[in-house]
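Keep in mind it's a predicted model, so treat the numbers as computed, not measured.
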Amino acid sequence: MNDILPIILSIVAALAVIGGLIPVLLKTRKNITQYPGTRDANDPVAGGGTLLEDAPVVPAERNAPAGVDLEDLEVTDVPDDVAGLETIQVETPLPVAGRLTRLRERLVRSNNILGKSLLALLSSDKIDENVWDEVEETLLLADLGTEPTMQLVDALRERVKILGTRTPEQVKALLREELIKLVDPTMDRALRTDRHADKPAIVLVVGVNGVGKTTTVGKLARVLVAEDKDVLLGAADTFRAAAAEQLATWGQRVGVPTVKSDVDGADPASVAYEAVKAGIDQEVDVVMIDTAGRLQNKTGLMDELGKVKRVIEKLAEVDEVLLVLDATTGQNGLNQARVFAEVVNITGIVLTKLDGTAKGGIVVAIQKSLGVPVKLIGLGEGADDLAPFEAESFVDALLN
């Protein structure tokens with residue numbers, strides 16, 4: 001008996017070790033990213049494990065057990081999959097119509113220096129060459145750009161000469177017409193966020209650090225939720241500390257899940273791939289991918305951005321590539337836009353911080369330079385301070 005006892009103890013110890021290793025092996029297997037079809041030479045084999053992070057508390061009926069009202073639940077009755085998580089109140093975003101009204105009012109208050117300066121000059125009793133020189137200088141200082149400035153000045157010169165216009169009302173009407181032409185209301189500013197027959201719409205958001213890119217993704221998620229769309233976020237900015245957590249927090253506020261990596265410094269393309277795959281599997285309407293705030297003069301990082309787009313397209317077509325620009329950077333924003341346009345096919349511009357420190361002419365300069373419309377504008381730090389860009393409303397705000 002004494003001879004058998006050591007053998008039995010050895011067997012029990014071995015079984016205990018194997019039992020402890022099983023969860024580790026399963027977790028490791030979960031973290032391996034698989035790619036279908038032909039792989040790019042620099043696609044990672046592993047290390048892109050992702051977690052689908054839902055809002056800790058989504059609308060109550062999703063978490064309550066069948067047949068049980070939330071009001072009847074005690075803390076101990078919370079289902080296992082949400083037990084111990086912090087309760088976050090799911091917010092109801094403002095409807096788009098109300099958001100637009102509020103942004104128009106703010107734009108009128110904060111960003112009308114350009115319009116007032118022009119109206120004062122063009123309403124002078126005598127409009128001579130000195131006045132036109134000042135008009136031209138005002139437009140250039142407003143970041144309108146050289147070509148659009150000359151185009152506007154020439155058009156105003158001709159119309160003022162022919163009509164003999166002098167009254168402020170007449171000048172304002174002429175200036176409004178010409179500015180609207182420059183901003184170009186005919187450009188297609190609609191966001192392509194409608195679900196396809198068998199796949200979600202894919203929106204890729206790019207831009208350098210500091211422009212409010214991750215915040216813009218969160219705010220846009222709110223806009224889409226307000227339009228009753230099912231949204232999933234992908235946190236592919238794996239280089240900036242806490243970027244994934246920041247995006248997940250935005251998603252939690254409106255009950256939108258976020259796919260993010262559980263590996264520090266994970267491959268951004270892998271996270272983007274997993275987000276799109278999850279969006280397809282869950283049949284959501286829109287998948288939005290937040291990318292790293294890469295410096296546009298770093299060739300390697302720009303190559304990485306191109307790779308993210310290629311990897312996504314192994315699963316689904318990218319419907320929108322939105323470039324987020326800080327309106328206060330002026331012409332520097334133009335330089336950023338040109339470089340990003342060489343790497344990915346930009347379909348729309350999001351202008352953030354379009355407040356009193358920004359120069360409204362940058363809207364025209366960017367559109368003229370790239371042939372890409374400004375689709376969204378942000379005027380503040382509030383959660384609902386993002387709205388679709390409207391050419392006529394923008395010009396009216398400048399002139400009021």
Side-chain angles (χ1 to χ4, degrees), residues 30-54 188 190-207 213-214 216-218 220-221 223-225 227-238 244 247-248 250-251 256-261 266-292 294 302-324 340-341 343-348 350 372 375-376:
K30 177 184 177 182
N31 285 342
I32 296 176
T33 301
Q34 301 292 333
Y35 288 83
T38 305
R39 299 168 57 83
D40 290 342
N42 57 348
D43 280 347
V45 176
T50 56
L51 297 175
L52 182 63
E53 182 165 303
D54 290 293
D188 182 9
L191 285 174
R192 293 192 282 272
T193 54
D194 290 334
R195 177 179 167 82
H196 303 287
D198 58 344
K199 293 180 180 179
I202 309 298
V203 179
L204 188 65
V205 183
V206 303
K213 180 172 48 56
T214 300
T216 295
V217 176
L220 182 52
V223 173
L224 296 174
V225 167
E227 296 175 351
D228 294 325
K229 292 184 183 293
D230 291 326
V231 181
L232 184 143
L233 306 179
D237 184 353
T238 60
L247 186 64
W250 275 102
V256 170
T258 300
V259 172
K260 65 187 187 73
S261 176
D267 180 70
S270 296
V271 179
Y273 177 91
E274 294 293 345
V276 174
K277 185 176 184 298
I280 293 173
D281 292 343
Q282 297 185 21
E283 299 183 350
V284 303
D285 297 316
V286 187
V287 175
M288 283 198 296
I289 307 296
D290 180 26
T291 61
R294 50 199 83 244
M302 296 305 289
D303 289 344
E304 181 67 39
L305 178 59
K307 177 183 169 184
V308 168
K309 187 170 185 288
R310 292 196 309 274
V311 167
I312 291 174
E313 289 174 338
K314 293 179 178 181
L315 289 175
E317 179 184 353
V318 176
D319 298 276
E320 286 276 5
V321 178
L322 298 177
L323 173 62
V324 182
F340 275 98
V343 180
V344 289
N345 181 30
I346 296 171
T347 59
V350 182
V372 175
K375 291 191 173 184
L376 296 163

**Report entry** Pro268 to Glu304 - nearest heavy-atom pair and separation
**Finding:** CD-OE2, 3.7 Å

**Report entry** side chain to side chain donor-acceptor pair (under 3.5 Å) partners of Thr214, counting only residues at least two apart
**Finding:** Arg240, Asp290

Report task. Rounded to the nearest 0.5 Å, what's the gap from CE on Met288 to CG on Leu224? Could you check? Result -> 5.5 Å

Requested in this report: With sequence neighbours left out, write down each residue that passes side-chain contact (heavy atoms from CB on, under 4.5 Å) with Arg195, or none if nothing qualifies.
Outcome: Pro200, Glu283, Asp285

Requested in this report: Could you tell me which non-hydrogen atom of Val311 sits nearest to which non-hydrogen atom of Ala269, and how far apart they are?
Outcome: CG1-O, 3.6 Å

**Report entry** Shortest non-hydrogen contact between Ile202 and Val276, atoms and distance
**Finding:** CD1-CG1, 4.0 Å

Requested in this report: State which residues pass salt bridge (Lys or Arg N to Asp or Glu O under 4.0 Å) with Lys375; sequence neighbours excluded, sorted by chain then number.
Outcome: Glu320

Report task. Kindly compute the distance separating CG (Asp267) from OG1 (Thr238), expressed to the nearest 0.5 Å. Result -> 7.0 Å

Query raised in the report: In Å, rounded to the nearest 0.5 Å, how long is the span from OG1 of Thr216 to CG of Leu322?
Result: 9.5 Å

Report task. Could you list the residues that satisfy side-chain contact (heavy atoms from CB on, under 4.5 Å) with Val344, not counting sequence neighbours? Result -> Leu305, Lys309, Val321, Ile346

Query - Heavy-atom pair of closest approach, residues Ser261 and Val271 - result: CB-CG2, 3.8 Å

Query - Criterion side chain to side chain contact (heavy atoms under 4.5 Å, CB included) against Thr258, the qualifying member of Val231, Leu247, Leu232, Val217 - result: Leu247

Query raised in the report: For Asp281, which residues count as a salt bridge (Lys or Arg N to Asp or Glu O under 4.0 Å) partner, sequence neighbours excluded?
Result: Lys277

**Report entry** Lys229: side chain to side chain donor-acceptor pair (under 3.5 Å) partners, not counting sequence neighbours
**Finding:** Asp194

Report summary line: Closest non-hydrogen atoms of Ala221 and Leu233, given as atom of the first, atom of the second and distance, are CB-CD2, 4.1 Å

Query - Donor-acceptor pair, side chain of Lys213 and main chain of Thr291, under 3.5 angstrom - result: yes

